[in-house]
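Scope of the values below: all heavy atoms of this structure, side chains included, with no hydrogens, waters or symmetry mates.
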Amino acid sequence: MALKSFEVQNVKCGGCANTLKKSLHDEFGEVDVNLDVMPRVITLDIDDTKINTLKEKLRTLGYPLVTDELSTVQTLKTKAKSFVSCAIGKMDS
């Protein structure tokens with residue numbers, strides 16, 4: 001495993017960061033979310049074999065990687081999901 005950083009889309013605030021940290025913790029451990037840069041960056045200790053799993057999990061939360069190639073419909077869906085994830089993150093904090 002190695003500490004790696006990934007640029008993610010649709011992360012707006014602390015609510016989004018809270019959702020990312022809580023949702024990824026069980027499978028990936030501690031996750032750092034840098035809200036001071038654009039695009040936002042998450043950093044975690046991850047094995048290369050789990051990167052695709054991380055990508056899929058991020059998409060389901062509405063926060064795809066910047067490098068993900070999404071169709072227009074997928075882009076709209078992930079943005080909508082990110083608003084729900086953000087609201088959940090704000091309520092859980």
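Follow the hydrophobic side-chain contacts under 4.5 Å out from Leu65 and you reach Leu61 in the same cluster. One hydrophobic cluster holds both Leu35 and Val31 under the rule that ILVMFWY side chains link at heavy-atom gaps under 4.5 Å.
Summarising the local packing, NZ of Lys77 is surrounded by 12 or fewer heavy atoms from other residues, nucleotides or ligands at distances under 6.0 Å.
Considering all non-hydrogen atoms of both residues, Val37 and Val41 come closest at CG2-CG2, 3.8 Å.
A donor-acceptor distance shorter than 3.5 angstrom exists from the side chain of Asp47 to the backbone of Thr49, with no hydrogens or angles considered. The backbone N or O of Asn10 lies less than 3.5 Å from a partner atom in the side chain of Lys12, making a donor-acceptor pair. Using modelled atom types, one side-chain atom of Asp45 and one backbone atom of Ala2 make a donor-acceptor pair closer than 3.5 Å. Looking at Ser85, its side chain never comes within 3.5 Å of a backbone N or O of Ser82 through a donor-acceptor pair.
A distance of 12.5 Å separates CD in Glu56 from NZ in Lys50, rounded to the nearest 0.5 Å. Taken to the nearest 0.5 Å, the CG atom of Leu58 stands 10.5 Å off from the CD atom of Gln9. Here the OG1 atom belonging to Thr60 is positioned 14.5 Å from the NZ atom belonging to Lys55, to the nearest 0.5 angstrom. In this structure, OH on Tyr63 lies 5.0 Å from OG1 on Thr19, to the nearest 0.5 angstrom. Distance check, rounded to the nearest 0.5 Å: CG of Leu54 to CZ of Phe6 gives 5.5 Å. Here the straight-line distance linking atom CZ of Arg40 with atom SG of Cys13 works out to 8.5 Å at 0.5 Å rounding.
Checking Lys57 against Ser23 by side-chain atom types alone, no donor-acceptor pair falls below 3.5 Å.
Results of the side-chain contact (heavy atoms from CB on, under 4.5 Å) test with Lys4 over Ile51, Thr43, Leu44 single out Ile51 as the only residue that passes.
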For the pair Asp68 and Gln74, evaluate side-chain contact (heavy atoms from CB on, under 4.5 Å) and give the outcome as yes or no after the intermediate values. CA-CA 10 Å; Asp68 280 1; Gln74 288 173 316; over 6 Å; no
